[in-house]
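The structure appears right after this line, and notes come after that.
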Amino acid sequence: MTRQGSPLLAARAGACDHRIPWRAGHYPCRTVVPHGPASAEPLLVLGGGLQTRHSWARFERHVASRLPLVIPDLPPARTPGRTAQSLNWDDLTDAALHALDRLRIHRFAVLGVSSGYPIGYRLAQRHPDRVTRLMLFGASPRPAPRLAELIGKGLRREAGTRSPRSAESPADRLRSARELVGVLTNTEAAERHLLIRAAGRVVLDQLAASSDDPLIRYVHDRGFLLLHDPLPPGGVRGVPSLVGVGEFDTATTVADNRAVAATISRATFIVMKNADHLLHMERDADFATLVALFLDGGPLGTLQHCSIEKMP
């Protein structure tokens, strides 16, 4: 693929931060341009709750030599003290598309993970002429009961405080972080699998190091929106798509992800073995290989760590 069209593809190789103006504010967006010829259209990376543009370092190391990446830090869906101005999924979809328009990227692939999936899904549904390929991981039509209960708890906790800084001590923050990680990850699988346990520990340490209550931050970021139609009606057609999940994922189960895949015409559904909800961290090399292979249109049947199913 030649470096034509978007200034991003003609830019000097390496990583760069951009300031994307949107509505009355702005948000940062990281771009990564490969040193050699790009092998695919730019890949828009939409991370999950509490992830930032810097959360994808492992993925970058595996694919940035040949894939242009666009990783926005989308605005939080809920701002403390301004709940009346909360954003919805349509707003966040508009914000993501705006970053691509500002970078003059017309055609792009999408990778949406966890609470990034409803945004990626809407982009493919509404702009099939622009989305070349769609990949969703950790997707669910609705939050699992334990996660929905925890989001409700976060909303009640938010209502009882004036700001997300309600965890008054490191012990409080650690307790809240453990509560959140305990629902987003499969603790039983973590006891048996070192890579799952290690990924959960990384997230736990990051959340506990924050000065804010991790649960309220999760609710503000996008968590509360998961209670409100993350999967829009109408399905997706005309976009080559892949939906994947870790076999031990209890936050968005195999059945949940298969249900999302069933709404996408001719989607490929993959279950990654020995992986949980944080599969892009737990099995980073395998995850990157899967993404690159799908973007290249390669044979996914060569992946020994995945079981594959084709949707009608």
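What's counted below: heavy atoms across the whole structure, side chains too, no hydrogens, waters or symmetry copies. Just so it is clear, the structure is predicted and the values come from calculations on it, not from any experiment.
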Item to check | Chi angles and distances behind the salt bridge (Lys or Arg N to Asp or Glu O under 4.0 Å) call for R30, E60 | outcome: CA-CA 11 Å; R30 178 178 175 85; E60 281 188 26; 2.7 Å; yes
Quick one: do the [X] and [Y] side chains pair a donor with an acceptor below 3.5 Å?
X    : Y    : result
R146 : T250 : no
S307 : K273 : no
T31  : H18  : yes
T93  : D90  : no
H277 : E282 : no
D213 : S176 : yes
D249 : T252 : yes

Please table the atom pairs, donor to acceptor, closer than 3.5 Å between any side-chain atom in residues 195-203 and protein atoms at least two apart or in another chain.
{"residue": "R197", "atom": "NH1", "partner": "A190", "partner atom": "O", "Å": "2.7"}
{"residue": "R197", "atom": "NH1", "partner": "E191", "partner atom": "O", "Å": "3.4"}
{"residue": "R201", "atom": "NE", "partner": "D205", "partner atom": "OD1", "Å": "3.2"}
{"residue": "R201", "atom": "NH2", "partner": "D205", "partner atom": "OD1", "Å": "3.4"}

Any donor-acceptor pair under 3.5 Å linking the side chain of [X] with the backbone of [Y]?
X    : Y    : answer
Q125 : P233 : yes
R122 : P118 : yes
N257 : G138 : yes
S114 : G116 : no
E247 : D276 : no
R58  : S55  : no
S115 : G49  : yes
R107 : T132 : no
W89  : H228 : yes
R78  : G223 : no

Item to check | Pairs where residues 293-312 contributes a residue and the test ring pair (Phe, Tyr, Trp, His ring centres under 6.0 Å) is met, not counting sequence neighbours | outcome: none
Checklist entry - Got a sec, which pairs hit ring pair (Phe, Tyr, Trp, His ring centres under 6.0 Å) with one end in residues 186-206, sequence neighbours left out? => result H193-F248
Does some side-chain heavy atom of [Y] sit less than 4.5 Å from a side-chain heavy atom of [X]?
X    : Y    : result
L155 : F224 : yes
P141 : D256 : yes
D101 : R130 : yes
V131 : R133 : no
Y121 : L136 : yes
F137 : L111 : yes
D91  : W22  : yes
Y117 : V110 : no

Next on the checklist: If you compare all heavy atoms of P72 against all heavy atoms of Y27, which two are closest, and at what distance to 0.1 Å?
Outcome noted: CB-CE1, 3.8 Å
Next on the checklist: Show, in sequence, the C-alpha distance, side-chain angles and deciding distance for H280 and W56, and conclude whether the ring pair (Phe, Tyr, Trp, His ring centres under 6.0 Å) test is met.
Outcome noted: CA-CA 9 Å; H280 63 288; W56 292 84; 4.6 Å; yes
Next on the checklist: side chain to side chain contact (heavy atoms under 4.5 Å, CB included), that's the test. Do V291 and L43 meet it? Break it down for me.
Outcome noted: CA-CA 10 Å; V291 168; L43 175 63; 4.2 Å; yes
